[in-house]
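Structure record follows, encoded as structure tokens.
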Amino acid sequence: MSTAVSPATDQAVAEYDAVVIGAGIAGLYQLYRLREMGLRVCALDAAADVGGTWYWNCYPGARVDSHSYVYQYWFSEELLQEWNWQERFPAQPETERYLRFVADKFDLRKDIRFNRRVVSARWDDHARRWTLITEGGEVLRTQFFISCAGMLSAPLVPPFPGHERYRGVIAHTARWPRAGLDLTGKRVGVVGTGATGIQVIQTIAGQVAELKVFQRTPQYAVAMRNDRYDDAARAALRARYPELRAKVRNTFAGFATDFAYQPGEYYRMTPQQRREALEKLWAEGSLDFWLGGFPELVTDPAASEEVSEFVRGKIRARIQDPVLAEKLVPYSYGFGTYRVPLETGYYDVFNRDNVELVDVRQTPISGFTENGLVVGGREYELDVVVLATGFDAGTGALTRMDVHGREGRSLSDLWHRDIRSTLGLQVHGFPNLFTVAGPLAPSTAFCNMTTCLQYQVDWVTDCVAWLRDHGHTAIEPTAEKEQEWVKHHDEVAAATLMMRTTSWYTGANIEGKPRRLLSYIGGAGNYHRICDEVKASGYAGFEVA
Ligand code: NAP
């Protein structure tokens with residue numbers, strides 16, 4: 001790093017080759033890779049420590065839905081040998097501990113500036129450098145601006161009127177107090193029943209005095225089978241690491257398993273055989289039921305309905321009151337077209353006397369009073385309101401930053417009109433901006449995050465190295481290349497049932513957000529092959545300067 005003084009802000013300007021935004025899974029690895037290359041690089045994070053998602057989402061019950069043995073870094077043999085996973089699906093504290101362990105082991109903190117939120121980023125056409133400004137007014141100039149700010153990091157807070165007069169506590173799950181929040185004996189309301197809400201609800205129901213669950217859309221949650229690992233189990237998994245490392249890059253969703261059945265096999269089976277196959281997948285207790293079974297499930301309406309009904313049956317069997325059961329069963333969309341949550345005891349919670357389901361589909365929450373929330377004229381008195389209301393996914397992290405590219409164009413303006421990118425990695429008009437976990441890549445939703453994020457970081461690192469080796473200073477995709485990717489992305493999306501469902505997957509959870517499937521659904525393995533080809537071609541379709 002070198003420094004000068006900014007005439008605009010009078011602040012010292014720190015000069016870098018690369019600035020990485022975020023110190024979560026992607027950011028830590030990106031920092032490590034660029035530092036290994038000898039670049040002057042730093043990472044900035046709004047949080048007080050490393051972890052990203054696993055720092056902010058420290059709500060009760062937060063847990064990974066990917067198997068720990070594939071939700072990890074592969075780049076260091078030592079790390080793989082030293083870290084001992086405790087569970088098949090680790091809880092948030094274990095995952096956060098892992099990321100801290102990584103940061104310590106590779107001495108990453110010395111190049112991370114915490115408590116720094118970037119509020120503005122501008123590309124200078126003449127100097128071919130980015131200028132970043134933090135909330136505190138610090139100025140950084142850099143050749144490469146690499147966003148690892150996360151696909152689910154900009155919390156969505158519903159604008160319920162009257163929140164300022166509410167005397168209780170409002171806590172968004174993605175901004176959960178780091179010191180914790182004691183809910184024991186309290187009257188708690190949870191708004192939202194997505195993957196997050198489900199984890200909170202099943203965890204706190206036995207602890208609170210009263211729990212009101214404000215549900216707008218029910219979910220098809222799959223029963224999780226979690227195991228604790230002993231040394232023997234860990235040794236057996238370690239022996240598989242070389243195989244897993246190679247395999248995850250090539251499967252549909254970056255997991256250790258691919259679809260177990262070929263396209264068309266579904267209809268070659270009898271209904272009885274299909275049922276047995278579904279039972280077997282269900283017993284796995286993981287997302288394999290969704291992404292490790294039948295590919296038809298998200299493409300074929302009849303198969304989708306049959307599988308949806310199978311899951312509805314599983315839900316009904318758990319609820320004692322049949323009228324209540326019907327409220328918890330989804331009908332308005334097909335299984336797997338909204339992110340499938342894993343659950344442990346979630347449905348059983350509704351058999352408890354202290355838990356009440358408040359259906360807010362037909363009659364929405366009208367706002368806060370001093371004492372709680374109001375629905376249809378009834379006041380629900382609450383000590384704590386938990387907002388498990390999700391995120392402005394895929395684009396929110398960058399549109400909430402004021403990013404201006406070539407000739408002053410605004411990324412926020414662009415993505416508020418039309419969400420576009422090239423491979424989810426770059427955007428035409430924004431040279432040297434890399435968007436790890438950006439929209440239109442599998443990492444936005446349809447991939448085991450660590451698999452796709454590591455791939456993208458490797459791709460970005462190789463691209464930076466290639467530019468340097470070839471004496472170039474800047475790169476961006478052409479408008480034609482971008483259009484080609486967007487068209488392909490849309491065609492693949494159109495062949496699925498995904499766009500029919502209202503959820504964050506399509507941007508439909510945010511009013512006014514342009515609709516597009518945010519995540520590439522052509523398969524992680526396929527995506528990696530396409531990105532590899534771009535690299536091998538010397539970045540055909542990209543302009544370099
Ligand atoms: P989400 O899936 O978007 O769910 C948000 C919930 O809040 C939905 O039930 C939504 O209802 C509801 N909601 C939003 N605004 C509302 C309003 N004004 N009134 C009533 N209800 C409202 O968000 P999430 O649960 O935080 O999950 C987001 C993603 O994070 C997941 O899909 C997953 O990818 C990831 N995640 C992963 C894990 C894991 O790996 N274990 C855990 C948690 C989350 P509608 O459905 O009707 O909009």
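All heavy atoms count here, side chains included; hydrogens, waters and symmetry mates do not. For ligands, and for the atoms within them, numbers begin at 1 and follow the listed sequence.
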Indicate, with yes or no, if the rings of Tyr241 and Tyr69 have centres closer together than 6.0 Å.
no
Is the ring centre of Tyr59 less than 6.0 Å from the ring centre of His172?
no
Ligand 1 and Asn509, any nitrogen or oxygen pair closer than 3.5 angstrom?
no
Protein contact to atom 12 (C) of ligand 1 [nearest heavy atom, distance to 0.1 Å]:
Gly192 CA, 3.6 Å
Who passes salt bridge (Lys or Arg N to Asp or Glu O under 4.0 Å) against Arg234, sequence neighbours left out?
Asp231
Kindly confirm or rule out an N or O of Thr502 lying under 3.5 angstrom from an N or O of ligand 1.
no
Answer yes if the ring centres of Tyr505 and Tyr338 are under 6.0 angstrom apart, and no otherwise.
no
Which heavy atom of the protein is the closest neighbour of atom 25 (O) of ligand 1, given with residue, atom name and distance?
Thr196 N, 2.9 Å
With ring centroids as reference points, do Trp83 and Tyr73 lie under 6.0 angstrom apart?
no
Would you please determine whether Phe214 falls within less than 4.0 Å of ligand 1 on a heavy-atom basis?
no
Can Tyr505 be said to touch ligand 1, with heavy atoms closer than 4.0 Å?
no
Rounded to the nearest 0.5 Å, what separation is found between the CG atom of Leu357 and the CD atom of Gln215?
5.0 Å
Rounded to the nearest 0.5 angstrom, the SG-CG distance for Cys148 and Asp45 is 10.5 Å
Compute the ring centroids of Phe160 and Tyr166, then answer whether they are less than 6.0 Å apart.
no
For Gln199, the ligand 1 atoms whose distance to one of its heavy atoms is below 4.0 Å
41 (N), 42 (C)
How far is atom 38 (C) of ligand 1 from the closest protein heavy atom, and which atom is that?
Arg339 NH2, 3.8 Å
Atom 41 (N) of ligand 1 has as its nearest protein heavy atom Arg63 O, 2.3 Å
Any sub-3.5 Å donor-acceptor pair from Asp288's side-chain atoms to Gly293's backbone N or O?
no
Between OH on residue Tyr455 and OG on residue Ser443, distance to nearest 0.5 Å
11.5 Å
Among protein heavy atoms, which sits nearest to atom 30 (O) of ligand 1, and what does the distance come to when rounded to 0.1 Å?
Leu152 CD1, 3.4 Å
Heavy atoms, side chains only, cut-off 4.5 Å: are Gln219 and Tyr346 in contact?
no
When you measure from atom 9 (O) of ligand 1 to every protein heavy atom, which one gives the shortest distance, and what is it?
Thr193 N, 3.0 Å
Looking at Tyr55, does the NZ or CZ of Arg178 lie under 6.0 angstrom from its six-membered ring centre and within 45 degrees of the ring axis?
yes
Check: of Tyr338, Phe446, Tyr333, Phe160, min heavy-atom distance to atom 46 (O) of ligand 1 comes from Tyr338
shortest atom 15 (N) of ligand 1-to-protein heavy-atom contact is with Arg216 NH2, 3.5 Å
Nearest non-hydrogen atom to atom 40 (O) of ligand 1 belongs to which of Val200, Asp65, Leu387?
Asp65
Which atoms of ligand 1 have any heavy atom of Thr217 under 4.0 Å away?
45 (P), 46 (O), 47 (O)
Tyr59 contact mode with ligand 1 (heavy-atom cut-off under 4.0 Å):
side chain
What residue and heavy atom of the protein are closest to atom 6 (C) of ligand 1, and at what distance?
Ala388 O, 3.3 Å
Answer with side chain, backbone, both or neither: which part of Val64 has a heavy atom less than 4.0 angstrom from an atom of ligand 1?
backbone
Consider every N or O of Trp54 and every N or O of ligand 1, then say whether any pair is closer than 3.5 Å.
no
Is Phe89 near ligand 1, meaning one of its heavy atoms is under 4.0 Å from it?
no
Taking the side chain as every heavy atom from C-beta outward, state whether Val222 and Phe335 have any pair of such atoms under 4.5 Å apart.
yes
Within reach of ligand 1, part of Ala195 (heavy-atom separation under 4.0 Å)
both
Provide the number and element of each atom of ligand 1 under 4.0 Å from a heavy atom of Val191.
20 (C), 21 (N)
Proximal atoms of ligand 1 relative to Gly390 (non-hydrogen, under 4.0 Å)
3 (O), 5 (C), 23 (O), 26 (O)
Closest heavy-atom pair and its distance - Ala445, Trp504:
CB-CH2, 3.5 Å
